[in-house]
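Values reported hereafter were calculated over all heavy atoms of this structure, with side chains retained and with hydrogens, waters and symmetry mates removed.
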Number of protein chains: 2
Amino acid sequence: MTDNPDLKEYWEARPLPLPSVSIDCVIFGFHANQLKILLLRYKNTDFFALPGGFINQDENLEDAAARVLEERTGLQHIYLEQYYVFGDKNRRFDATHHELMNGSGIMLRPGHFLLNRFISIGYYALIDFSKARPKPDAFSASCEWYDLDTIPTLIFDHDFILQKALHTLRANLDEKLIGLNLLPETFTMNEFQSLYETILGEKIARSNFQRKVLGLHMLKRLDKKITGGAHKAPYLYSFDSKTASKS
Amino acid sequence: MTDNPDLKEYWEARPLPLPSVSIDCVIFGFHANQLKILLLRYKNTDFFALPGGFINQDENLEDAAARVLEERTGLQHIYLEQYYVFGDKNRRFDATHHELMNGSGIMLRPGHFLLNRFISIGYYALIDFSKARPKPDAFSASCEWYDLDTIPTLIFDHDFILQKALHTLRANLDEKLIGLNLLPETFTMNEFQSLYETILGEKIARSNFQRKVLGLHMLKRLDKKITGGAHKAPYLYSFDSKTASKS
DNA sequence: GTATTATTGTCACAAGATGATACAATGACT
DNA sequence: AGTCATTGTATCATCTTGTGACAATAATAC
């Protein structure tokens with residue numbers, strides 16, 4: 001393995017974060033009627049991972065998650081929800097960490113802080129796909145969206161962390177205004193319904209869905225959208241800021 | 001403050017736990033139509049706190065919480081749910097820690113592991129009040145039940161941790177079988193309803209409640225209970241192990 | 001013994017929410 | 001103008017929930 005002086009310096013200059021604790025972020029987006037998730041691939045490896053990071057000594061938990069989110073997507077003020085802490089006693093992954101860092105030309109010395117047990121706090125984020133500008137971190141070659149049904153196998157226990165996020169998202173679907181955060185400013189009723197269907201993994205009766213969401217009085221009806229399709233043009237909707245709140 | 005050699009030895013011999021991470025447990029019980037919470041009072045102080053502890057290096061998070069629970073109540077296989085992580089950057093309470101330990105005759109030296117920032121993982125537990133045998137820990141003078149409406153002010157951010165547990169309990173009331181864990185083996189419909197009413201903090205229409213819970217087919221009807229009251233005797237019920245599961 | 005009282009188990013009806021289906025409206029294409 | 005696919009809405013049946021009424025009954029008062 002060749003050494004990588006730049007990254008090494010960056011890594012070694014970094015003040016040690018809060019020990020034993022890491023953050024993992026499941027970042028959901030919605031595009032082309034598909035629920036998508038942002039994943040990193042580590043340089044010179046086939047290892048895929050959820051975006052994550054550590055907590056600075058003088059940083060709130062929530063702020064650390066928001067920082068990771070901004071670094072990966074360029075977005076601020078993102079909808080973020082802490083959903084579970086993963087604390088298995090076997091959460092130490094020395095061999096994998098060595099491989100990951102080797103991919104960036106870094107040799108982890110014995111006693112390096114990564115080679116310890118970590119608990120990881122899971123956050124899920126809902127973002128407007130069209131606004132995100134995914135950006136890899138220093139150790140990864142890519143940061144890209146993956147459809148839910150084509151997710152590669154992930155490192156560590158990230159598969160489990162992802163599944164748990166998905167279950168939580170499903171369970172929260174009715175209570176939290178999930179559409180508000182995943183959809184663009186304006187959208188059609190069909191897009192809104194598709195979002196719900198892909199999250200739930202099942203079809204919903206069209207007319208009942210419309211009746212229900214309109215009955216909540218959180219949508220404003222805008223102009224019609226001229227689709228170019230050989231059929232009636234749908235209205236565009238947006239969330240009504242008077243009755244719908246961000247969280 | 002006088003030194004306390006026994007406790008000091010115990011404390012110093014203890015291998016260091018997982019750094020930066022603690023656990024706090026909100027232990028709910030139900031008795032005499034009141035929702036109750038188990039609190040510790042530190043020796044020679046007026047400081048009240050939620051039972052808590054640390055995670056051993058080779059211990060699962062969940063097991064650490066179960067251990068704390070067993071130490072305070074004598075009960076195993078308790079219903080436990082992780083509900084939130086409290087990670088404010090200001091979660092360091094040096095002055096209070098000194099006072100708490102002074103109460104047990106212990107001087108915390110500079111650099112002691114308690115004098116750091118901690119994140120705390122909140123668990124709430126539901127237990128059968130009649131089976132618990134509350135027991136103080138090494139630093140506390142008492143471990144007792146408090147009615148929800150007579151809770152004293154708590155140390156650190158424990159007031160907030162308690163409120164968040166209560167909100168989560170309310171939100172989960174319909175989905176999780178909360179009665180199963182808080183009630184004794186057999187109970188009347190009235191007791192069952194009172195439990196729900198105290199958790200929700202509002203009255204429920206009697207006949208609707210009965211229709212609803214019986215409709216779930218999770219209760220077995222047993223013999224009548226002779227109360228001694230001048231009225232019709234209520235049936236006793238228990239949870240049906242065939243249709244009701246612990247979690 | 002008999003009447004009284006408070007509480008319990010159940011039923012009946014109204015109001016509201018949900019599921020399933022039908023149908024007219026409409027933008028683009030032939 | 002006619003066809004087509006999709007959209008917005010109305011309708012009806014079904015299920016759920018809110019509200020109140022009523023008979024049953026264990027203890028007490030007389």
Evaluate A/T188 against A/N190 for side chain to side chain donor-acceptor pair (under 3.5 Å), listing each step before the verdict.
CA-CA 5 Å; A/T188 66; A/N190 192 9; 5.4 Å; no
Testing the 3.5 Å rule here: is there a donor-acceptor pair between the side chains of A/D147 and A/T150? no
Rounding to the nearest 10°, end axes of the helix from C/dG1-D/dC30 to C/dT30-D/dA1 built from five pairs each make an angle of 20°
**OP:** Quick one: sort the B/Y83 and B/Y124 rings into parallel, tilted or perpendicular, breaks at 30° and 60°.
**Re:** tilted
DNA chain C nearest-nucleotide lookup for A/K232 and B/Y235: closer to the 5′ end is B/Y235
Applying ring pair (Phe, Tyr, Trp, His ring centres under 6.0 Å) to B/H231 and not counting sequence neighbours gives none
Contact span of DNA chain C against chain B, any nucleotide atom under 4.0 Å from a heavy atom, 5' to 3', runs C/dT5 to C/dA12
Here the pair of heavy atoms bringing B/F30 nearest to B/E191 is CE2-O, 3.8 Å
Numerically ordered, the residues 200-215 of chain A set in heavy-atom contact under 4.0 Å with DNA chain D is A/R206, A/S207, A/Q210, A/R211
Separation between CG (A/L182) and CG (A/L126), nearest 0.5 Å, reads 4.5 Å
For residues 211-237 of chain A, the salt bridge (Lys or Arg N to Asp or Glu O under 4.0 Å) pairs (sequence neighbours left out) are none
Exercise for the section: Run the numbers on A/S120 and A/S22 for side chain to side chain donor-acceptor pair (under 3.5 Å), then give the verdict. Expected result: CA-CA 5 Å; A/S120 192; A/S22 66; 3.1 Å; yes
Check your understanding: Cut-off 3.5 Å, side chains only: do A/Y196 and A/D174 have a donor facing an acceptor?
Key -> no
Contacted region of DNA chain D by chain B, from 5' end to 3' end of the hits, cut-off under 4.0 Å to heavy atoms, spans D/dT17 to D/dA27
Inset, instruction - Look at the rings of B/F86 and B/F160 and say which category their plane angle falls in: under 30° parallel, 30 to 60° tilted, over 60° perpendicular. - result: perpendicular
In A/Y235, A/Y237, A/F187, the residue satisfying ring-ring contact (aromatic ring centres under 6.0 Å, His included) with A/F192 is A/F187
**Asked** Sub-3.5 Å donor-acceptor pair from the side chain of B/N60 to the main-chain atoms of B/D63, do we have one?
**Response** no
